[in-house]
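The next block holds one structure in the form of structure tokens; read it before the comments.
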Amino acid sequence: MTPGKATQRVPRPSYGQLLEKIRYDGVYPTRRRAEEALLAVLPVLAPQLTDQGRALLADRLPDEVSALLTAEASSPSRLLTNRDFVEHVAARTGTDYAVANWDTEAVLSNLASLAGPALLPRLLAQLPAGYAALFGHAPHARAA
């Protein structure tokens with residue numbers, strides 16, 4: 001392993017590249033549908049993260065959507081469970097839980113890739129248990 005490799009960042013994608021990756025991973029028929037998922041999930045995620053977490057993640061996103069994370073000035077008084085998170089996305093999109101869960105996973109798994117191995121654990125540590133699966137990562141098993 002090259003020294004410092006774990007801390008290297010994934011290059012910041014263009015907005016079009018991010019949408020294409022979400023479209024591909026979410027098996028969406030159009031880029032517009034991928035954009036709808038992205039624009040529904042980011043505003044729900046923003047208040048769940050600390051100011052620093054939002055800023056660090058926003059720094060890895062295209063300018064067109066980074067403001068959706070940094071526009072929230074403070075963290076919520078209550079963190080959403082992973083189920084509540086998906087229900088909030090469903091309410092924003094007018095879809096059922098299964099569709100909102102699909103959208104959430106398609107978007108958050110791409111954010112996980114952009115966050116990289118150094119930032120993702122820090123972000124997950126800010127969230128209640130259960131979010132790792134939404135980000136496309138299995139929770140770590142704890143030693144007995």
Side-chain angles (χ1 to χ4, degrees), residues 1-15 17-28 31 33-144:
M1 176 183 259
T2 306
K5 186 163 175 82
T7 59
Q8 289 179 344
R9 282 190 10 195
V10 174
R12 188 182 224 192
S14 71
Y15 188 57
Q17 289 169 325
L18 178 59
L19 290 179
E20 278 304 310
K21 184 76 170 91
I22 293 169
R23 187 192 65 74
Y24 180 81
D25 292 348
V27 194
Y28 296 119
R31 185 187 270 194
R33 180 62 186 89
E35 184 176 46
E36 290 169 0
L38 177 64
L39 297 178
V41 171
L42 282 180
V44 180
L45 178 63
Q48 300 304 301
L49 300 172
T50 65
D51 290 340
Q52 181 184 29
R54 281 192 298 275
L56 290 170
L57 183 57
D59 187 45
R60 289 158 170 77
L61 297 177
D63 291 337
E64 293 88 341
V65 290
S66 63
L68 290 175
L69 283 177
T70 57
E72 291 293 322
S74 62
S75 295
S77 57
R78 175 182 83 84
L79 290 175
L80 299 173
T81 65
N82 57 334
R83 180 164 185 81
D84 289 341
F85 185 97
V86 173
E87 288 174 355
H88 274 68
V89 172
R92 288 181 64 83
T93 59
T95 60
D96 64 24
Y97 184 89
V99 171
N101 191 68
W102 184 271
D103 290 348
T104 299
E105 289 181 8
V107 170
L108 293 184
S109 65
N110 277 281
L111 296 186
S113 294
L114 293 174
L119 179 57
L120 182 60
R122 292 172 56 191
L123 296 176
L124 290 174
Q126 297 175 21
L127 301 167
Y131 273 79
L134 292 177
F135 280 87
H137 291 266
H140 290 48
R142 295 189 181 175

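These numbers come from the heavy atoms of this one structure, side chains and all, not from hydrogens, waters or symmetry mates.
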Would you find a donor on one side and an acceptor on the other, under 3.5 Å apart, between the side chain of [X] and the backbone of [Y]?
X     : Y      : value
Gln48 : Leu127 : no
Arg23 : Ala34  : no
Arg60 : Leu56  : yes

Any non-hydrogen side-chain atom of [X] less than 4.5 Å from a side-chain atom of [Y]?
X      : Y      : result
Leu45  : Leu108 : yes
Trp102 : Val27  : yes
Leu80  : Val44  : yes
Glu87  : Thr81  : no
Leu134 : Asn101 : yes

What closest approach, in Å, do [X] and [Y] show between heavy atoms, and which atom pair accounts for it?
X     : Y      : answer
Tyr28 : Ile22  : CD1-O, 3.6 Å
Gly26 : Ala106 : CA-CB, 3.9 Å
Thr70 : Ala55  : CG2-CA, 4.4 Å
Ala46 : Leu68  : CB-O, 3.6 Å
Leu79 : Gln126 : CD1-O, 3.4 Å
Ala40 : Arg92  : O-NE, 3.2 Å

Nearest 0.5 Å, what's the [atom1]-[atom2] distance between [X] and [Y]?
X     : Y      : atom1 : atom2 : value
Leu61 : Tyr15  : CG    : OH    : 11.0 Å
Leu18 : Leu111 : CG    : CG    : 7.0 Å
Asp59 : Leu119 : CG    : CG    : 9.5 Å

- Message: Applying salt bridge (Lys or Arg N to Asp or Glu O under 4.0 Å) to Glu35 and Arg31, what does each step give before you reach the verdict?
- Response: CA-CA 6 Å; Glu35 184 176 46; Arg31 185 187 270 194; over 6 Å; no
Stepwise, does the side-chain contact (heavy atoms from CB on, under 4.5 Å) test hold for Tyr24 with Asn110? CA-CA 11 Å; Tyr24 180 81; Asn110 277 281; over 6 Å; no
